[in-house]
Every structure is written in structure tokens, then in C-alpha cells.
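This structure is a prediction, so every number in the text was calculated from the model and none was measured.
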Amino acid sequence: QVQLIESGGGLVQAGGSLKLSCAASGLTFSRNAMGWFRQAPGKEREFVAAIARSGSVTYYADSVKGRFTISRDNAKNTVYLQMNSLKPEDTAVYYCAASGRTFYTGNSYYRAQNYDFWGQGTQVTVSS
């Protein structure tokens with residue numbers, strides 16, 4: 001049984017930082033690309049960041065590029081999202097996702113339907 005458990009969310013003032021973690025179990029972590037998505041109230045789920053199996057390649061949404069950093073520790077079966085310079089528009093539930101598929105193009109990492117497993121989400125609220 002695959003489980004993805006996010007942690008690290010919370011309330012922070014604009015300009016602050018948070019680090020999200022996602023601990024995976026029930027899958028061969030090193031064989032899965034990992035992604036972070038978010039969903040704000042009344043909006044569709046959107047891509048935030050993704051990282052390839054080895055960690056050598058990363059992808060970011062334009063809205064977070066330069067502020068967020070995705071990383072992974074395959075020995076700990078954990079993926080992280082370091083979020084700096086947070087803005088009120090970053091407020092959302094953040095979801096961790098895993099995909100065991102082989103991605104042949106970078107665009108594949110951006111699509112939620114390409115991920116097979118999802119966590120329950122962690123709330124991030126940024127106050128102005």
C-alpha cells in the first residue's frame with residue numbers, strides 16, 4: 001500500500017519561509033519521479049515543482065521559480081519543497097505526488113494525470 005505523507009505546512013507571514021516534506025512508503029522511491037502540486041480555494045489543482053528519479057533534473061512553475069526549491073533524499077524516501085519569499089497567493093493545500101512512469105519529455109512532469117499516487121495534502125497559509 002503506497003502512502004505519501006506531507007508535513008511542514010502552516011501559517012506564515014508574507015516574505016517568510018516554510019519547508020514541506022513528503023515521506024513515501026510502499027513503493028520503490030528511487031524509481032519514482034516526484035512532484036508537488038497545490039490547490040487554492042475555488043481554483044484547479046496546479047503544478048508547482050517536480051524532480052526526476054535521480055534528483056538530477058528539476059522543473060518549476062513560473063510563479064515559483066527562484067523562490068521554491070525541490071529536492072529529494074532517496075535514502076530517506078523523502079521529497080522536500082523549500083519555499084522562500086512566500087506571497088499571499090501561495091496560499092493553498094500542497095500535495096505530494098509520485099509517478100513510476102518513464103517521462104520522455106519535460107512537459108510530462110507538469111501534468112497531474114501522469115502521477116499515480118497522491119498524498120492527503122498540507123495547508124500553507126501566507127498572511128499579508
Side-chain angles (χ1 to χ4, degrees):
Q1 178 183 355
V2 175
Q3 282 192 311
L4 301 177
I5 300 176
E6 301 99 335
S7 61
L11 173 64
V12 64
Q13 287 189 331
S17 298
L18 282 175
K19 186 174 184 177
L20 305 183
S21 299
C22 172
S25 61
L27 52 73
T28 305
F29 185 74
S30 61
R31 294 183 182 176
N32 279 261
M34 300 298 296
W36 286 97
F37 291 76
R38 67 187 181 186
Q39 188 166 17
K43 295 188 177 181
E44 293 186 353
R45 189 170 300 191
E46 65 174 1
F47 170 80
V48 175
I51 188 166
R53 298 169 183 175
S54 66
S56 59
V57 183
T58 57
Y59 300 88
Y60 297 94
D62 287 343
S63 59
V64 308
K65 205 170 291 184
R67 300 188 298 122
F68 291 10
T69 302
I70 188 171
S71 62
R72 66 189 295 162
D73 185 337
N74 285 349
K76 295 183 178 179
N77 289 0
T78 302
V79 62
Y80 306 96
L81 185 68
Q82 177 67 48
M83 305 186 294
N84 298 329
S85 302
L86 283 161
K87 305 175 181 180
E89 50 264 44
D90 294 318
T91 295
V93 177
Y94 282 70
Y95 297 92
C96 169
S99 177
R101 308 180 193 193
T102 299
F103 291 160
Y104 293 102
T105 66
N107 287 341
S108 298
Y109 288 86
Y110 291 75
R111 299 182 183 129
Q113 59 265 38
N114 287 340
Y115 291 81
D116 305 304
F117 304 104
W118 292 82
Q120 293 298 309
T122 186
Q123 176 71 46
V124 171
T125 303
V126 184
S127 63
S128 57

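Closest approach of Val79 and Cys96 over heavy atoms only: CG1-SG, 3.8 Å.
No side-chain heavy atom of Val48 sits less than 4.5 Å from a side-chain heavy atom of Met83. Between Arg72 and Thr58, the closest side-chain pair of non-hydrogen atoms is not below 4.5 Å. Proximity of Lys19 to Tyr80: side-chain heavy atoms (C-beta onward) are separated by under 4.5 Å at one or more points. Within the 4.5 Å cutoff, no side-chain heavy atoms of Ile51 are placed close to those of Tyr109. Side-chain contact between Leu4 and Tyr95 is absent, with no heavy-atom pair separated by less than 4.5 Å. Considering only heavy atoms from C-beta on, Lys76 stays 4.5 Å or farther from Ser21 through its side chain. A 4.5 Å side-chain heavy-atom check between Thr91 and Gln123 finds at least one atom pair inside the cut-off.
A donor-acceptor pair is defined here as one N or O able to donate and one able to accept, closer than 3.5 Å; no such pair exists between the side chain of Ser128 and the backbone of Pro88. Side-chain atoms of Glu6 come within 3.5 Å of backbone atoms of Gln120 as a donor-acceptor pair (strictly under, hydrogens ignored).
If you take CZ on Arg45 and CH2 on Trp118, they are separated by 5.0 Å, rounding to the nearest 0.5 Å. Remark: Ser108 OG to Arg101 CZ distance equals 9.5 Å, nearest 0.5 Å. Atom OG in Ser127 sits 5.0 Å away from atom CD in Gln13 (nearest 0.5 Å). With rounding to the nearest 0.5 Å, the separation of CG in Leu86 from OG1 in Thr125 is 10.5 Å.
Under a cut-off of 6.0 angstrom, the local environment of CD in Gln113 is crowded, with over 12 non-hydrogen atoms contributed by other residues, nucleotides or ligands. Around the NZ atom of Lys65, the shell of radius 6.0 Å holds more than 12 heavy atoms that belong to other residues, nucleotides or ligands.
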Go through the steps to decide whether Asp116 and Val2 satisfy the test side chain to side chain contact (heavy atoms under 4.5 Å, CB included), and finish with yes or no. CA-CA 10 Å; Asp116 305 304; Val2 175; over 6 Å; no
What's the verdict on side chain to side chain contact (heavy atoms under 4.5 Å, CB included) for Phe37 and Tyr115, showing C-alpha distance, side-chain angles and the deciding distance? CA-CA 11 Å; Phe37 291 76; Tyr115 291 81; 3.6 Å; yes
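Side-chain heavy atoms closer than 4.5 Å link hydrophobic residues (I, L, V, M, F, W, Y) into clusters, and following such links, possibly through other members, connects Leu81 to Val12. The same ILVMFWY cluster, assembled from side-chain heavy atoms under 4.5 Å apart, contains both Val57 and Phe103. Placement of Ile70 and Tyr94 within a single hydrophobic cluster is found when ILVMFWY residues are connected by side-chain heavy-atom separations under 4.5 Å, directly or transitively. Cluster annotation: Tyr59 and Leu20 are assigned to distinct hydrophobic clusters (Ile/Leu/Val/Met/Phe/Trp/Tyr, side-chain heavy-atom contacts under 4.5 Å, transitive).
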Table please: side-chain donor-acceptor pairs of residues 23-35 below 3.5 Å, with sequence neighbours left out.
unit_1	atom_1	unit_2	atom_2	d
Asn32	OD1	Gly100	N	3.1
Asn32	ND2	Thr28	O	2.9

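The aromatic rings of Phe47 and Tyr110 are tilted relative to each other, their planes meeting at an angle between 30° and 60°.
Applying the side chain to side chain donor-acceptor pair (under 3.5 Å) criterion to Arg67, with sequence neighbours excluded, gives Asp90.
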